[in-house]
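Structure first, then comments.
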Amino acid sequence: MKNIITIIIVLFLLAGSINHLNAQRRSETLALGLSIGCSAICCLNDCGLPLALTFTPSLGHYYAGSWSTGLIFTGLRVTTLMAMSYPLLPDDTADTNTGMVFTCIGICGFITLIEWSLIPTSVEYHNARLQVKPEMDIQNGEYALGISYNF
């Protein structure tokens, strides 16, 4: 009777853990969709171009839990925008240089393409960190639940 109760408890624990793990897994398609889709939607809006050039391309990394990578790429784009737009600030001597604007957008686009190529790796890394490994030896009456988290 003791073994039957133990097996039932372990099975309930496994069922809850497996459901929890499936809920924690991230989708590469959704991560790329967030990054590309939100950027495209922001580009369609007149006021959304700065947002599309800075924050929204990193949404896939934020979704995957890779905040450091997302913040690095967001920082690179913000730094590029600040450095390239400094001569464009309203001043008596500053003229709007369209070549500088297109160069800035091109550099931000290049940084974004590199970032989008790294999003599937971030999602895979997130999904591989947490693993539950059940072990049951009914003959010897041994039951174990191994949980590993890789940093």
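When reading the values below, keep in mind they use all heavy atoms of this one structure, side chains included, and skip hydrogens, waters and symmetry mates. Index from 1, following the sequence. Worth saying up front: this structure is predicted, and the values here are computed from it rather than measured.
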Looking at CD1 of Ile107 and CZ of Phe102, how far apart are the two atoms once the value is rounded to the nearest 0.5 Å?
14.0 Å
Atom of Cys108, atom of Thr112 and distance for their closest heavy-atom approach
O-OG1, 2.7 Å
Identify, with sequence neighbours excluded, every residue that meets side chain to side chain contact (heavy atoms under 4.5 Å, CB included) alongside Ile105.
Leu53, Val101
Step-by-step side-chain contact (heavy atoms from CB on, under 4.5 Å) determination, Leu118 to His61
CA-CA 9 Å; Leu118 296 176; His61 287 292; 4.1 Å; yes
Looking at every heavy atom in both Arg26 and Ala64, which two are closest together, and how far apart are they?
CG-CA, 4.2 Å
Under 4.5 Å side-chain heavy-atom separation, chaining through any Ile, Leu, Val, Met, Phe, Trp or Tyr, what else clusters with Trp116? Say none if it is isolated.
Leu32, Ile36, Leu113, Ile119, Val123
Check the pair Ser122 / Tyr63 against side-chain contact (heavy atoms from CB on, under 4.5 Å), numbers first and verdict last.
CA-CA 9 Å; Ser122 292; Tyr63 167 73; over 6 Å; no
Side chain to side chain contact (heavy atoms under 4.5 Å, CB included) against Glu124, all qualifying residues, sequence neighbours excluded
Glu28
Would you indicate whether the side-chain heavy atoms of Thr80 and Phe110 approach each other to under 4.5 Å?
no
Decide yes or no on side-chain contact (heavy atoms from CB on, under 4.5 Å) for Leu71 and Ser58, but give the supporting numbers first.
CA-CA 8 Å; Leu71 289 174; Ser58 297; over 6 Å; no
Please step through side chain to side chain donor-acceptor pair (under 3.5 Å) for the pair Thr69 and Tyr125, ending with a clear verdict.
CA-CA 12 Å; Thr69 306; Tyr125 178 72; over 6 Å; no
Could you grab the distance from atom CZ of Arg77 to atom OG1 of Thr56, nearest 0.5 Å is fine?
7.5 Å
Quick one: does Ser35's side chain have a donor or acceptor within less than 3.5 Å of a partner on Gly60's backbone?
yes
In short, Gly70 meets Glu115 closest at the heavy-atom pair CA-OE2, 4.2 Å
